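Fair warning: this is a prediction, and the values are worked out from it, not measured in the lab. Counting starts at 1 for both ligands and their atoms, in listed order.
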Amino acid sequence: MSKVPARAYQKLFPVPVMLIKVPNAASLNEKLVAEIEQVSITTPNGKPDSWACDVYTTLTNNNRLHERPGFHDFDLLMREGFMQFGQAMGYDFTVESLEITQCWVNIYNFGMSQEIHHHPNNIMTGVYYLKAPVNCSEILFHSHFADVLIRPAVYEENELNNPVASLHPEPGDLIFFDSALRHSVPTNDIKGERISLSFNARF
Ligand SMILES: [Fe+2]
């Protein structure tokens, strides 16, 4: 019997998601959580009317958190991350031309989630996890190929056919990706609070 020749699959157009494990995140997170408590007391839920999901967010009504004095260290960390991600992407920009357009908080209690979305009018997006209890919701990334008109039934999901990838966050995880990459948070089905900061940049 003739042997089938070996074959290789080239994976074109990679979708980069950069993950940084922030060292000594516990002390940073303690300070930021205290800041967020103040923010959440004074800021009503700014969830857009068009969202069907339930989540506490300051996306629309308090989205320049990085300008608060208590966010100074985080602001530096976020900018450094954007510089690293942008440089890896080969983007031609400088620290001076980097503009942080928004930075807001998302709090997920039991049963809360966030539907599929992307961050228009931006180039790069980041998320930082202040609280991510064991077994809390992951963040899901959705391939643009998820919208093809016909997706055949599969006998197994593998890296060539799976239109969704997940990342299980831990406190202190800082991730960066293209603002056009669609993502979502499935229902948080644990009792603990999951708190993340989201932020956008362009230049
Ligand atoms: Fe988002």
Side-chain angles (χ1 to χ4, degrees), residues 14-20 22 29 32-33 35-36 39-40 43-67 71 74-75 77-79 81-82 84-86 88-89 91 98-133 136-147 163-189 193-203:
V15 178
V17 177
M18 183 177 84
L19 168 63
I20 296 173
V22 173
N29 291 357
L32 290 174
V33 166
E35 284 282 323
I36 294 303
V39 168
S40 63
T43 312
N45 194 346
K47 185 168 75 78
D49 292 339
S50 58
W51 288 11
C53 60
D54 189 14
V55 61
Y56 172 83
T57 178
T58 65
L59 167 63
T60 61
N61 54 357
N62 199 348
N63 59 20
R64 300 201 64 80
L65 296 181
H66 58 296
E67 293 176 347
F71 271 67
F74 179 73
D75 182 63
L77 194 64
M78 175 176 65
R79 288 173 192 274
F82 276 131
Q84 287 183 21
F85 183 76
M89 296 299 293
Y91 296 150
L98 180 73
E99 179 197 359
I100 306 298
T101 52
Q102 296 99 12
C103 174
W104 69 97
V105 65
N106 307 291
I107 302 177
Y108 300 82
N109 284 301
F110 178 78
M112 296 186 175
S113 62
Q114 195 164 137
E115 55 214 59
I116 300 175
H117 65 284
H118 65 302
H119 296 194
N121 301 320
N122 290 287
I123 297 171
M124 300 178 285
T125 289
V127 184
Y128 180 65
Y129 294 92
L130 295 173
K131 284 190 181 181
C136 73
S137 295
E138 63 268 53
I139 180 170
L140 300 178
F141 295 101
H142 302 263
S143 163
H144 291 282
F145 283 107
D147 290 339
V164 180
S166 67
L167 190 148
H168 292 265
E170 294 180 355
D173 282 357
L174 179 59
I175 61 175
F176 294 87
F177 49 92
D178 190 297
S179 300
L181 177 59
R182 296 180 314 157
H183 53 284
S184 64
V185 178
T187 304
N188 190 44
D189 55 9
E193 237 178 9
R194 178 191 189 277
I195 304 182
S196 63
L197 295 169
S198 296
F199 31 94
N200 292 320
R202 59 189 178 203
F203 43 81

**OP:** Tell me, with the steps shown, if D75 and R64 meet salt bridge (charged side-chain N to carboxylate O under 4.0 Å, His left out).
**Re:** CA-CA 11 Å; D75 182 63; R64 300 201 64 80; over 6 Å; no

**OP:** For the Fe ion (ligand 1), report each protein N, O or S atom nearer than 2.8 Å, sorted by chain and then by residue number.
**Re:** H117 NE2, H119 NE2, H183 NE2

**OP:** Measure from the ring center of F176 to the ring center of Y128 and say whether it is less than 6.0 Å.
**Re:** no

Subject >> Between H119 and H183, ring centroids under 6.0 Å >> reply: yes

Subject >> Working for side-chain hydrogen bond (donor to acceptor under 3.5 Å, both in side chains), residues T43 and N62 >> reply: CA-CA 7 Å; T43 312; N62 199 348; 3.0 Å; yes

**OP:** Give the C-alpha distance, both sets of side-chain angles, the deciding distance and a yes or no for side-chain hydrogen bond (donor to acceptor under 3.5 Å, both in side chains) between H117 and S184.
**Re:** CA-CA 6 Å; H117 65 284; S184 64; over 6 Å; no

Subject >> Trace of the side-chain hydrogen bond (donor to acceptor under 3.5 Å, both in side chains) decision for Y129 with N29 >> reply: CA-CA 9 Å; Y129 294 92; N29 291 357; over 6 Å; no

